[in-house]
Amino acid sequence: MNAAPADQLRLLDLQALDSRLDRLAHRRRTLPEHEEIDRLGTRLATLRDLVVAAQTEDSDAAREQTKAEQDVDQVRTRAERDQQRLDSGHISNPKELENLQHEITSLAKRQGDLEEVVLEIMERREEIQGRLAGLVEERDAAQAERDAAESRRDASVGEIDAESAGDTKQRGVVAAALPADLLKLYEKIREQQHGVGAAALFQRRCEGCRLELGITDLNAIRAAAPDAIVRCDNCRRILVRTAESGL
C-alpha cells in the first residue's frame, strides 16, 4: 500500500488524538470516586438494613409495651372496683369479704408484676431507640459522603467528557483527510495492537514497541519509496518516517 508522506504524517496526528482519547476514557473509568461510591453504597445499604431492623424492633417493643400497659389498666380497674365494693359496706358475709380481700391482695401483686414488665420493656425500648438514633446518624453521614463523592465524580466526568468531545471532533477532521484504505489499515492494526496503529520511526527506533530496528530493516526502509507504507518487523505497526528517523 502507498500513501503520500503528508498523509502518513497525519497518521501520527490521528494516533496522538486516539491515544489521548484512550487515556481520557481510562481516566474516566478509573476515577477514584467510582471505588469510593461503591464502598459507600455497600456501607449505606448495610446501614439502611440495620435502621429498618431497629425500627421494626422498636415497633414490636412498642406494641408489647402497649399490651402490657393495657394489662396493668385492666388489673387496676378490677382492683379499684373490688375496693369500692369492699368500702361500700354492702357485703356482710365473712367468707365473701375474705375472698374479696384476698382478690384485692392478689390483684395488687399482679399489678406490681405487670408494672415491672412495663418498666423492663420501656428500658429495652430506650436502648433500642438509642441504637436506632446512632444508626440513623451513621446512615445520614454515609449518604452525605456518597452524595459528595457523586458530585466530585460528576464534575470530573463532565470535564473529561468535554475534553473528549473536543478531541473527538478534531479526530473526525483528521480522519476525514486520510485515504480510506490507509485509515482502514490503521484502524485494523490499532485494534490488534492495544490502541496503537501507527508510530514514528525515531532515531532508528520504533516508538510503538520501543525496539531499535536492525540494520537489515533500516536498509529496507531507506530503500523504500517515500510513499510506501512500511511496517515495524517487531510489532507490525505502521512506521512513519520523519526528519528525526535517523535514516
Side-chain angles (χ1 to χ4, degrees), residues 24-162 164:
L24 286 170
H26 178 266
R27 181 180 155 201
R28 193 184 197 277
R29 289 192 305 271
T30 58
L31 285 169
E33 286 80 10
H34 291 315
E35 184 177 349
E36 183 180 4
I37 289 167
D38 288 342
R39 175 180 59 78
L40 288 169
T42 300
R43 174 65 175 155
L44 191 55
T46 299
L47 287 169
R48 284 171 176 164
D49 289 344
L50 290 172
V51 166
V52 170
Q55 288 172 333
T56 301
E57 189 178 357
D58 183 51
S59 179
D60 291 343
R63 284 193 295 271
E64 188 180 351
Q65 180 180 339
T66 298
K67 175 64 170 59
E69 288 172 343
Q70 289 173 346
D71 290 343
V72 170
D73 288 341
Q74 288 175 357
V75 171
R76 182 186 296 113
T77 299
R78 184 173 174 180
E80 288 174 352
R81 186 174 64 247
D82 285 352
Q83 188 64 49
Q84 288 173 358
R85 287 181 62 201
L86 182 65
D87 295 341
S88 68
H90 295 156
I91 302 174
S92 58
N93 186 307
K95 184 62 175 175
E96 188 176 351
L97 282 171
E98 182 183 351
N99 290 339
L100 188 58
Q101 289 171 336
H102 179 71
E103 181 173 324
I104 290 172
T105 301
S106 297
L107 288 172
K109 183 178 184 307
R110 174 63 175 159
Q111 181 177 331
D113 291 342
L114 289 173
E115 286 173 345
E116 285 293 327
V117 171
V118 171
L119 182 60
E120 182 275 327
I121 296 172
M122 291 175 65
E123 290 174 349
R124 180 152 44 91
R125 282 196 70 195
E126 184 177 352
E127 183 276 325
I128 294 170
Q129 289 171 351
R131 177 158 41 89
L132 175 58
L135 288 169
V136 168
E137 185 177 350
E138 284 188 66
R139 180 202 62 191
D140 292 347
Q143 183 67 63
E145 282 187 66
R146 189 182 183 192
D147 291 344
E150 287 178 343
S151 294
R152 293 194 304 273
R153 178 204 60 192
D154 292 345
S156 296
V157 166
E159 292 175 3
I160 292 170
D161 287 349
S164 296

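Just so you know, these numbers use all the heavy atoms, side chains as well, and skip hydrogens, waters and symmetry mates. Along the sequence shown, the residues carry numbers beginning at 1.
Not a single side-chain hydrogen bond (donor to acceptor under 3.5 Å, both in side chains) links E137 to another residue, sequence neighbours left out. With sequence neighbours left out, the side-chain contact (heavy atoms from CB on, under 4.5 Å) criterion links Q83 to L86, D87, I104. A search for side-chain hydrogen bond (donor to acceptor under 3.5 Å, both in side chains) contacts involving R110 returns nothing, not counting sequence neighbours. For D154, there are no side-chain contact (heavy atoms from CB on, under 4.5 Å) partners at least two apart in sequence or on another chain. Judged as a side-chain hydrogen bond (donor to acceptor under 3.5 Å, both in side chains), and not counting sequence neighbours, Q55 has no contacts. Here H102 pairs with S106 under the side-chain contact (heavy atoms from CB on, under 4.5 Å) rule; sequence neighbours left out. Remark: E103 engages R78, D82, L107 in a side-chain contact (heavy atoms from CB on, under 4.5 Å) (not counting sequence neighbours). Residues satisfying the salt bridge (charged side-chain N to carboxylate O under 4.0 Å, His left out) test with D161, not counting sequence neighbours, are R28. Partners of E138 according to the side-chain hydrogen bond (donor to acceptor under 3.5 Å, both in side chains) rule, which considers only residues two or more places apart in sequence or in another chain, are R43.
Nearest heavy-atom pair, A54 versus I128, reported as atom, atom and distance to 0.1 Å: O-CG2, 3.7 Å. In terms of heavy atoms, L44 sits closest to R139 at CD1-O, 3.4 Å.
Looking at Q65 and M122, their side chains come closer than 4.5 Å, going by heavy atoms from C-beta outward. Contact check for D71 versus Q74: side-chain heavy atoms found under the 4.5 Å cut-off.
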Determine all donor-acceptor pairs shorter than 3.5 Å in which one atom belongs to a side chain in residues 114-121; sequence neighbours excluded.
{"from": "E115", "atom 1": "OE2", "to": "Q111", "atom 2": "NE2", "distance (Å)": "3.1"}
{"from": "E120", "atom 1": "OE2", "to": "R124", "atom 2": "NE", "distance (Å)": "3.1"}

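Note: S164 OG to L24 CG = 4.0 Å, rounded to the nearest 0.5 Å. Distance check: R153 CZ to H34 NE2 gives 7.0 Å after rounding to the nearest 0.5 Å.
Legend: salt bridge (Lys or Arg N to Asp or Glu O under 4.0 Å) pairs involving residues 90-100, not counting sequence neighbours, sorted by first then second residue: R85-E96. Counting only residues at least two apart or on different chains, the salt bridge (Lys or Arg N to Asp or Glu O under 4.0 Å) pairs with a member in residues 49-63 are E57-R131, D58-R125, D60-R63.
For R152 and E36, the salt-bridge test passes: some basic side-chain N is under 4.0 Å from an acidic carboxylate O. Taking the charged nitrogens against the carboxylate oxygens, R39 and E35 have no contact shorter than 4.0 Å, which rules out a salt bridge.
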